[in-house]
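Letters A, B, ... mirror the listed sequences (proteins, then strands); counts begin at 1.
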Number of protein chains: 2
Amino acid sequence: MTPIDLYGICPFVTSQKVLTGKWSMYIMYLLQDGPIRFNALKRKMPEEMTHTTLSRQLKSLEQEGLVVRTAYTQVPPKVEYELSDIGRQFEPVLKALGNWGEAYIEYLKKQ
Amino acid sequence: MTPIDLYGICPFVTSQKVLTGKWSMYIMYLLQDGPIRFNALKRKMPEEMTHTTLSRQLKSLEQEGLVVRTAYTQVPPKVEYELSDIGRQFEPVLKALGNWGEAYIEYLKKQ
DNA sequence: CGGAATCCCATCTGATACTG
DNA sequence: CAGTATCAGATGGGATTCCG
């Protein structure tokens, strides 16, 4: 039986890949403020996240087309990350998710 | 060094857990139509997803408080799943994500 | 400064089989 | 019909180390 692959067809199944990264939503949220250097972004992340992981997640977001990476050829290196066009279109999702997250935190407190 | 745990504090880090399930967004989307039985829901999912996985994801969503499970004591068993209050509040996220997912699919086609 | 390579480990998924 | 138990494989994060 041929399994039905909804990737590229169903918007929810397709966008799921973007959401899976443990820190992806928080990264996208922080990138909304404009271009930022790697280490500056790292400092804004929770300390549990190593630079290895941040590097991987950024690479992943870059390959998915949500993030643009710009490397300046200089010593020491300077690399900036920013949202792409389709990445900026993600803003309504972040807004809705942020609102819901706050409501959910309140819900958790009452449990 | 004490790692800063943003769970329960940052709305993005907190809601991340809900998003991680491979099929969670699609399940939430389908549950928006009202109460549905286990097998009926299963039939709406991609065939790659086994009933084992669906069972686990529903249990997870139930434990997170997004889904309410109702078991009717009869033979054969009848179990219905539906969104909770906080689960229904997730609707704006699904709407935004659905819209973005469609735009992203268009973007992918042009690559 | 940014990042790749490697290893280890935890988690998750899918497959299969079994239960009431 | 709904769910659990178990196992194998895939995936992904964290820690460490090394590189330009």
Side-chain angles (χ1 to χ4, degrees), chain A residues 1-7 12-13 16-28 30-31 35-64 67-82, chain B residues 1-7 12-13 16-28 30-31 35-64 67-82:
Chain A
M1 181 168 5
T2 311
I4 304 170
D5 188 0
L6 294 179
Y7 185 80
F12 297 99
V13 173
Q16 191 88 51
K17 292 193 98 162
V18 178
L19 308 168
T20 50
K22 183 170 174 183
W23 309 102
S24 53
M25 289 302 95
Y26 196 50
I27 293 174
M28 291 293 288
L30 292 175
L31 286 179
I36 188 171
R37 296 183 64 168
F38 182 87
N39 276 339
L41 182 58
K42 164 115 182 57
R43 278 188 291 272
K44 289 180 182 249
M45 301 295 297
E47 299 179 28
E48 354 160 9
M49 184 194 216
T50 60
H51 72 280
T52 309
T53 304
L54 179 57
S55 180
R56 271 191 302 231
Q57 303 239 328
L58 283 170
K59 195 174 186 178
S60 175
L61 288 170
E62 187 194 357
Q63 286 171 345
E64 288 160 348
V67 165
V68 176
R69 175 183 181 273
T70 308
Y72 299 88
T73 49
Q74 61 181 49
V75 179
K78 174 181 172 182
V79 178
E80 280 190 334
Y81 291 90
E82 62 187 318
Chain B
M1 182 166 3
T2 310
I4 304 170
D5 189 0
L6 294 178
Y7 184 80
F12 297 99
V13 173
Q16 191 86 53
K17 292 194 100 162
V18 178
L19 308 168
T20 50
K22 184 172 173 182
W23 308 101
S24 54
M25 290 301 96
Y26 196 48
I27 293 174
M28 291 294 288
L30 292 175
L31 287 179
I36 189 172
R37 295 182 65 168
F38 182 87
N39 275 340
L41 182 58
K42 162 116 182 55
R43 279 189 291 271
K44 291 181 180 242
M45 300 295 297
E47 299 179 28
E48 355 160 8
M49 185 195 214
T50 60
H51 72 281
T52 310
T53 305
L54 179 57
S55 180
R56 271 189 302 231
Q57 304 238 327
L58 283 170
K59 195 172 185 178
S60 176
L61 288 170
E62 187 194 357
Q63 286 172 344
E64 288 161 347
V67 166
V68 174
R69 176 184 180 274
T70 309
Y72 299 88
T73 50
Q74 61 180 50
V75 179
K78 175 181 172 182
V79 178
E80 280 189 337
Y81 292 90
E82 62 186 318

Next item on the list: Would you indicate whether A/K78, at its atom NZ, is surrounded by more than 12 heavy atoms from other residues, nucleotides or ligands within a distance under 6.0 Å?
Entry: yes
Margin query: Strictly below 4.0 Å: does A/K42 bring a side-chain N or O up to OP1 or OP2 of C/dG2?
Written below: no
Notebook entry, point to check: Expressed in angstrom and rounded to an integer, what is the separation of B/I27 atom CD1 from C/dC12 atom C1'?
Noted result: 14 Å
Check: Is the distance from OP1 or OP2 of D/dG3 to the nearest side-chain N or O of B/T52 less than 4.0 Å?
Finding: no
Note to self: Taking donor-acceptor contacts at under 3.5 Å, does the side chain of B/T20 reach the base of C/dT11?
What the structure shows: no
Item checked: Under 4.0 angstrom between A/K59 side-chain N/O and C/dA4 OP1 or OP2 -> yes
Checklist line | Length of the line joining B/R43:CZ and D/dA2:C1', which is rounded to integer Å | finding: 12 Å
Notebook entry, point to check: Looking only at side-chain N and O atoms, does B/Y81 come under 4.0 Å of OP1 or OP2 in D/dG3?
Noted result: yes
Check: Checking all strands, does A/T53 fall into the base, sugar-phosphate, or nothing category for heavy-atom contacts under 4.0 angstrom?
Finding: base
Next item on the list: Starting from C1' on C/dT19, measure out to CZ on B/F38 and report it in whole angstrom.
Entry: 15 Å
Check: If you pin B/N39 and A/T50 to their nearest nucleotides in DNA chain D, which one's is more 5'?
Finding: B/N39
Next item on the list: Could you state the atom-to-atom distance from CD of A/Q63 to C1' of D/dG12 in whole Å?
Entry: 15 Å
Next item on the list: Specify whether B/H51 and B/F38 have parallel, tilted or perpendicular ring planes, treating 30° as the upper limit for parallel and 60° as the lower limit for perpendicular.
Entry: perpendicular
Check: Do any N or O atoms from the side chain of B/Q16 and from the backbone of A/L19 form a donor-acceptor pair under 3.5 angstrom?
Finding: yes
Next item on the list: Without swapping roles, check the side chain of A/K42 against the backbone of A/M49 for a donor-acceptor pair under 3.5 Å.
Entry: yes
Notebook entry, point to check: When you check the phosphate oxygens OP1 and OP2 of C/dC12, does a side-chain N or O of B/Q57 lie under 4.0 Å from one of them?
Noted result: no
Check: In whole angstrom, what separates B/K17's NZ from C/dT11's C1'?
Finding: 12 Å
Item checked: Listed nucleotide nearest any side-chain atom of B/M49, set C/dC1, C/dG14, D/dA2 -> C/dG14
Margin query: Quick check: any donor-acceptor pair below 3.5 Å linking the side-chain of A/H51 to the base of C/dG2?
Written below: no
Check: Does a nitrogen or oxygen in the side chain of A/K22 sit under 4.0 Å from OP1 or OP2 of D/dG14?
Finding: yes
Next item on the list: Side chain of B/R69 only, please: which of C/dC1, D/dA2, C/dT16 is the nearest?
Entry: D/dA2
Notebook entry, point to check: Between C/dC12 atom C1' and B/L19 atom CG, what is the distance in whole Å?
Noted result: 16 Å
Margin query: Quick check for you: among C/dG14, D/dA2, C/dC1, whose closest atom lies nearest to any side-chain atom of B/V79?
Written below: D/dA2
Margin query: Can you measure B/L54 atom CG to D/dT4 atom C1' for me and round it to whole angstrom units?
Written below: 14 Å
Check: For the side chain of B/R56 and the base of D/dG3, is some donor closer than 3.5 Å to an acceptor across the two?
Finding: no
Notebook entry, point to check: Between B/L61 (CG) and C/dC12 (C1'), how many Å, whole number?
Noted result: 14 Å
Check: Is the number of heavy atoms from other residues, nucleotides or ligands within 6.0 Å of NZ (B/K59) greater than 12?
Finding: no
Next item on the list: Would you kindly say whether B/T52 and B/S55 are connected by a side-chain donor-acceptor distance under 3.5 Å?
Entry: no
Next item on the list: With the side chain of B/P76 defined as its heavy atoms from C-beta on, choose the nearest nucleotide among D/dA15, D/dC1, D/dT6.
Entry: D/dC1
Next item on the list: Look at the side-chain N and O atoms of A/R37 and state whether any lies under 4.0 Å from the OP1 or OP2 oxygen of C/dG2.
Entry: yes
